[in-house]
Number of protein chains: 2
Amino acid sequence: MPPALLSRDEAIDRLMLAIRRHGYDGASLAELSKATGLGKSSLYHHFPDGKDDMVRAVLGRLEEQLTATIFEPLAGAGTPRRRLEAMAETLDAFYRGGREACVLANLALGSTRKRFRKPLRRIFEAWIAAIAGLLTEAGLPETLARARAEDAVLRLEGALVLAAAFEDPTVFGRTLRQLPAELLAPSKG
Amino acid sequence: MPPALLSRDEAIDRLMLAIRRHGYDGASLAELSKATGLGKSSLYHHFPDGKDDMVRAVLGRLEEQLTATIFEPLAGAGTPRRRLEAMAETLDAFYRGGREACVLANLALGSTRKRFRKPLRRIFEAWIAAIAGLLTEAGLPETLARARAEDAVLRLEGALVLAAAFEDPTVFGRTLRQLPAELLAPSKG
DNA sequence: GTCTATAATAGGATAGAC
DNA sequence: GTCTATCCTATTATAGAC
């Protein structure tokens, strides 16, 4: 009766990384087993419904992490500018400067699109709403704030796609760096 | 000895659509067989190395199509503004207003990233170069032209990710609509 | 150039011991 | 909670007839 080798959260983090790198369909149970150091049966012990359960756990944990490290800080203390820069730093670490892909994009594009659409929607929506909230607080009209927030998220996702395609992460860093200023630029209206 | 049911190009188009919808790993031979109307053995007759061959054919054809319908027209006749609007219209049709995903993004993010990195790079690079060329022709400094071109492509890819995640294609249309004006905006330098 | 049939393997999932 | 062993289906791939 060997003890649990990893905490549940640590196991989920490793599952997330495997799915970011291989996609849902590309991440076989053998891969996921190797990634976590758990045998297939152990994975099924923790996630009885198999890969679907694992992805639900991954998305749940991701939502927690993003809420704590991105969404809430965006509504927190500090100038709007500083808070956006903090978001950029957190994202830079999470995506390892553009070297790691986004699990959300992978799940949204692949064969799993429909299966996980609710959590995908909710996470992206929370992200956009958090940025838009900050921008309205900073004085932008609500419609413009919402449009810019959506544009920001979409650019980050696109930058990760290009970084993966070019095998050159720098495009992600460039995108990250110009975000705060562009988001806060005064309305032309 | 039944005759060929589809032209090669028509078969490749259908393979492309299947991969856009299911991803590389999600598109099984059974799916691809159904998508083309060809039996598995017929697929292997046309693409002896299996799915890898099919993807190479898909990327080859995509490069041809994009060159003829996007890249070359960007360097063609008409005002820069009109040419960018023509690109937007072509993209709107190709991605069905945001309802169909991008095969490039799917291949860049999934388990296939390394396997097809050369054609992926080449296609994205050609696209960016074509837009940057138009922008320099329109009077923008080269560095800015390149940066804006990269940003445009990355936004389109990101918009397709968000459209898939939200199951709401309109974000792609919004992105498409604002591109020409933003790309041609006078340099602030 | 297409098909049916069949192999060979990988993938997902389970049983039962410890 | 983990493991080894096993099962079954899906998937890739091939052979050979027409």
Side-chain angles (χ1 to χ4, degrees), chain A residues 1-59 61 103 106-107 110-116, chain B residues 1-59 61 103 106-107 110-116:
Chain A
M1 212 186 276
L5 295 177
L6 298 171
S7 74
R8 180 178 171 86
D9 279 351
E10 175 65 18
I12 294 174
D13 283 344
R14 297 192 184 198
L15 291 173
M16 196 189 303
L17 198 53
I19 293 169
R20 290 167 79 178
R21 290 178 178 171
H22 306 290
Y24 178 88
D25 294 295
S28 67
L29 280 182
E31 283 280 348
L32 299 172
S33 177
K34 203 178 70 178
T36 54
L38 264 47
K40 293 184 192 179
S41 300
S42 299
L43 284 175
Y44 274 93
H45 174 76
H46 295 287
F47 309 100
D49 283 348
K51 284 168 76 174
D52 274 38
D53 253 6
M54 301 181 209
V55 170
R56 277 188 284 269
V58 161
L59 288 175
R61 176 149 170 77
V103 69
N106 246 316
L107 292 172
S111 65
T112 48
R113 187 174 35 234
K114 302 214 163 178
R115 218 177 319 175
F116 304 113
Chain B
M1 211 186 277
L5 295 177
L6 298 171
S7 74
R8 181 178 171 87
D9 279 351
E10 175 66 18
I12 294 173
D13 284 344
R14 297 192 183 197
L15 292 172
M16 196 189 305
L17 198 55
I19 294 169
R20 291 168 78 177
R21 289 178 178 172
H22 306 290
Y24 178 88
D25 294 295
S28 67
L29 281 181
E31 284 279 349
L32 299 172
S33 176
K34 203 178 69 178
T36 54
L38 263 49
K40 296 182 193 178
S41 300
S42 300
L43 284 175
Y44 275 95
H45 174 76
H46 294 287
F47 309 100
D49 282 348
K51 282 168 76 173
D52 274 39
D53 254 6
M54 299 182 210
V55 170
R56 276 188 284 271
V58 162
L59 289 175
R61 176 148 170 78
V103 67
N106 245 316
L107 292 172
S111 64
T112 48
R113 187 174 33 233
K114 304 214 163 181
R115 218 177 318 175
F116 303 113

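No experiment lies behind these values; they were computed from the predicted model shown. Chain A is the first sequence line, chain B the second, and so forth, proteins listed ahead of strands; every chain is numbered from 1.
Between A/Asp52 atom CG and C/dA13 atom C1' there is a gap of 13 Å when expressed in whole angstrom units. Spacing between atom OH of B/Tyr44 and atom P of D/dA15 amounts to 12 Å, rounded to whole angstrom units. In this entry the distance linking CG of A/Asp49 with P of C/dG11 reads 21 Å, nearest Å. Between the NE2 atom of B/His22 and the P atom of D/dT11 there is a distance of 11 Å, rounded to whole Å. Atoms CZ (B/Phe47) and C1' (C/dG1) sit 13 Å apart, rounded to a whole Å. The CG-C1' distance, from B/Leu43 to D/dT11, rounds to 13 Å in whole Å. Here the P atom of nucleotide D/dT12 and the CG atom of B/Asp53 are 14 Å apart, to the nearest Å.
A 4.5 Å side-chain heavy-atom check between A/Thr112 and A/Val55 finds every atom pair outside the cut-off. At a threshold of 4.5 Å between non-hydrogen side-chain atoms, the residues B/Val58 and B/Phe47 do not count as touching. The shortest side-chain heavy-atom distance between A/His45 and A/Leu38 does not fall under the 4.5 Å cut-off.
Contact annotation: A/His45 side-chain N/O to D/dG1 OP1/OP2 distance is under 4.0 Å. At least one side-chain nitrogen or oxygen of A/Ser42 sits closer than 4.0 Å to the OP1 or OP2 atom of D/dC3. OP1 or OP2 of D/dT2 lies within a sub-4.0 Å distance of a side-chain N or O belonging to A/His46.
Within residues 23-41 of chain A, the residues approaching DNA chain C are A/Ser28, A/Leu29, A/Lys40, A/Ser41, by heavy-atom distance under 4.0 Å. Listed in residue order, the members of residues 7-16 of chain A having a heavy atom less than 4.0 Å from DNA chain C come to none.
Between A/Tyr24 and the options A/Asn106, A/Asp52, A/Val103, a side-chain contact (heavy atoms from CB on, under 4.5 Å) holds for only A/Asp52.
Contact record, B/Ala27 with B/Ala18: CB-O, 4.3 Å, taken as the closest heavy-atom pair. The heavy-atom pair separating B/Asp53 from B/Asp49 by the smallest distance is OD2-N, 3.0 Å.
One N or O on the side chain of B/Arg113 and one on the backbone of A/Arg21 form a donor-acceptor pair closer than 3.5 Å. In terms of modelled atom types and a separation under 3.5 Å, the side chain of B/Lys40 and the main chain of B/Leu29 share no donor-acceptor contact. Within the 3.5 Å criterion, the main-chain N or O of B/Ala11 finds no donor-acceptor partner in the side chain of B/Thr36.
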